[in-house]
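What you see below is based on every heavy atom in this structure, not just the backbone, and it leaves out hydrogens, waters and symmetry mates. Model, not experiment: these values are computed from the prediction. For reference, positions follow the sequence shown, starting with 1.
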Amino acid sequence: MKTNYLKKYIISSYVLVWALIIFVAGTASLVFHAPPVIMWIVRNLISWSPTYLLLIGWKHFRPNETRIDFVKRCFSGKVKLFYLLFSFGITFGISMLSLFIFSMIEGKPMLSYIDWGTTALPLSIFLSFTSGPTGEELGWRGFMREEFNKKHTFLKSSVYQGLVWCFWHTLLWAVDSDFTDWRAIPYIISNIVVITSMTIFMNILLERHNNLIYSVLLHFGFNILYVFLDADILFFVILTVLYLIITPIAVLIRNKLVKE
């Protein structure tokens, strides 16, 4: 029987991240009462688990290729300034547009929903960049994307990837979210829609320019606002609606370009 390397990787990635959240982050928080910046570093280390798992367990997931060849291919595409800016700008722009609409509805300035916190701004930006954006992409958009693309069409592959990536965060919704009442339902729906849509955006870019720097920046463009954001659930409802509008347009444009 042919080994399902993708299934092995997905199951292992879920088990590993949940174990790290429970035993490492849980211990740091509940036993040692680590300060916020230390907990942030701990979360960053955990967010790199898809990459740890892939590279350490490489022979279990891709036995017929070397790590070096794989990494070279993942960053083989040409880097172009326009697409670098676009990668960051598409997700950051949608988030900012959501915040603008939300602030207009609430009748308050946009900046009133930004909490700069107690961590220095440069350190906040650095920690945000070195969390999911740099920690997850080799596993998700590197290995997992290639494996799903072998079996499915572009859209189906992207949706499957997005759902795997989305529900990998399940435990975090329970332990690292302010929405634990009825608001948890629209928050989870928002996560499903937005993360799946982001995966589609990433795959459109990577299909044309096979370099993970684009998905890293797109991921970072999404994450950076949420380091400082202090907004209610309506913001995420607006965000969901915008992604539901913009993503099909992006897919239609992609399909048209592929046919040309």
Side-chain angles (χ1 to χ4, degrees), residues 1-24 43-80 83-84 87 129-172 192 195-220 222-223 254 258:
M1 181 180 292
K2 187 176 180 180
T3 303
N4 190 330
Y5 297 110
L6 177 59
K7 184 178 180 180
K8 288 176 64 177
Y9 178 72
I10 292 172
I11 293 173
S12 300
S13 68
Y14 272 56
V15 171
L16 178 59
V17 75
W18 290 350
L20 290 173
I21 290 172
I22 293 169
F23 296 109
V24 178
R43 287 197 299 272
N44 279 18
L45 293 173
I46 292 173
S47 72
W48 276 76
S49 60
T51 297
Y52 306 149
L53 176 67
L54 181 64
L55 297 182
I56 294 173
W58 181 255
K59 291 183 179 180
H60 296 284
F61 309 121
R62 190 68 69 80
N64 299 319
E65 184 179 27
T66 67
R67 296 176 181 87
I68 293 176
D69 288 341
F70 168 73
V71 172
K72 283 182 177 179
R73 185 173 63 258
C74 287
F75 292 93
S76 60
K78 290 184 178 180
V79 176
K80 298 182 179 180
Y83 290 105
L84 291 177
S87 298
F129 185 70
T130 55
S131 59
T134 49
E136 299 174 21
E137 291 307 308
L138 197 64
W140 300 146
R141 252 61 60 185
F143 177 79
M144 187 170 70
R145 171 175 167 267
E146 288 187 347
E147 293 297 313
F148 270 121
N149 284 353
K150 292 176 183 178
K151 303 176 182 179
H152 304 289
T153 61
F154 172 84
L155 186 57
K156 185 179 288 188
S157 172
S158 298
V159 170
Y160 286 160
Q161 293 168 52
L163 292 176
V164 170
W165 183 28
C166 173
F167 288 106
W168 181 80
H169 294 84
T170 300
L171 197 56
L172 291 175
I192 295 170
I195 290 177
T196 303
S197 295
M198 285 172 56
T199 304
I200 292 172
F201 292 160
M202 289 173 172
N203 288 349
I204 290 173
L205 283 164
L206 292 173
E207 186 179 49
R208 296 179 65 85
H209 309 281
N210 190 41
N211 194 313
L212 290 184
I213 189 64
Y214 296 117
S215 61
V216 167
L217 288 176
L218 193 147
H219 194 162
F220 178 58
F222 177 79
N223 277 19
R254 176 263 172 192
V258 168

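- The number of heavy-atom neighbours closer than 6.0 Å to CZ of R67, taken from other residues, nucleotides and ligands shown, is above 12.
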**OP:** Might you work through the side-chain contact (heavy atoms from CB on, under 4.5 Å) test for W168 and I10, ending with a clear yes or no?
**Re:** CA-CA 9 Å; W168 181 80; I10 292 172; over 6 Å; no
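- Atom NZ of K80 has 12 or fewer heavy atoms from other residues, nucleotides or ligands within 6.0 Å.
- Without hydrogens or angle criteria, S12 side chain to Y9 main chain gives no donor-acceptor distance under 3.5 Å.
- Contact detail for C74 and G142: the closest heavy-atom pair is SG-CA, 3.8 Å.
- Residues N211 and K78 form no side-chain contact, since every pair of their non-hydrogen atoms from C-beta on lies 4.5 Å or further apart.
- With hydrogens and angles left out, the side-chain atoms of E136 and W165 include a donor and acceptor closer than 3.5 Å.
- The two residues T199 and S158 make their nearest non-hydrogen contact at CG2-O, 3.4 Å.
- One finds the OG1 atom of T66 at 8.0 Å from the NZ atom of K72 (value rounded to the nearest 0.5 Å).
- Side-chain contact between V17 and L172: absent, with no pair of heavy atoms (C-beta onward) separated by less than 4.5 Å.
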Subject >> I195 vs F222, side-chain contact (heavy atoms from CB on, under 4.5 Å): CA-CA, chis, key distance, verdict >> reply: CA-CA 10 Å; I195 290 177; F222 177 79; 5.8 Å; no
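- The distance from atom NZ of K151 to atom CG of L6, rounded to the nearest 0.5 Å, is 5.0 Å.
- The distance from atom CG of N223 to atom CE of M198, rounded to the nearest 0.5 Å, is 6.5 Å.
- Counting only heavy atoms from C-beta outward, the side chains of R43 and I21 never approach each other to under 4.5 Å.
- Both the sub-6.0 Å distance and the 45° axial angle are satisfied by R254 relative to the ring of F154.
- Relative ring orientation between F70 and W58 is described as tilted, the plane-to-plane angle lying within the 30° to 60° band.
- Residues passing the ring pair (Phe, Tyr, Trp, His ring centres under 6.0 Å) test with F220, sequence neighbours excluded: F88, F129.
- L16 has its side chain out of reach of S13: every pair of non-hydrogen atoms, C-beta onward, lies at least 4.5 Å apart.
- For the pair L205 and Y83, the tightest heavy-atom approach, listed with the atom from each and the gap, is CD2-CD2, 3.9 Å.
- Side-chain atoms of L55 and L138, non-hydrogen and from C-beta on, do get closer than 4.5 Å to each other.
- Although no hydrogens or angles enter the test, the distance criterion places a donor-acceptor pair under 3.5 Å between the side chain of Q161 and the main chain of S157.
- The shortest heavy-atom contact between S215 and E137 is OG-OE1, 3.0 Å.
- Expressed to the nearest 0.5 Å, how far CD1 of I204 lies from CZ of F201 amounts to 7.0 Å.
- For N44, the side chain to side chain donor-acceptor pair (under 3.5 Å) partners at least two apart in sequence or on another chain are T130.
- Counting heavy atoms from C-beta outward, P63 and Y5 have side chains that approach closer than 4.5 Å.
- For W48 against S131, the heavy-atom pair with the smallest separation is NE1-O, 3.8 Å.
- Within the 4.5 Å cutoff, side-chain heavy atoms of N210 are placed close to those of R145.
- We find the CG-CE distance between L218 and M202 to be 5.0 Å, quoted to the nearest 0.5 Å.
- Nearest heavy-atom pair across T51 and G139 is OG1-N, 4.3 Å.
- Note that OG of S47 and CG of L20 are 10.5 Å apart. Values are rounded to the nearest 0.5 Å.
- Counting heavy-atom neighbours within 6.0 Å of H152 NE2, excluding the residue itself, gives a total above 12.
- Applying the ring pair (Phe, Tyr, Trp, His ring centres under 6.0 Å) rule to F167 yields the partners W173; only residues at least two apart in sequence or on another chain are considered.
- No side-chain heavy atom of L54 sits under 4.5 Å from any side-chain heavy atom of W140.
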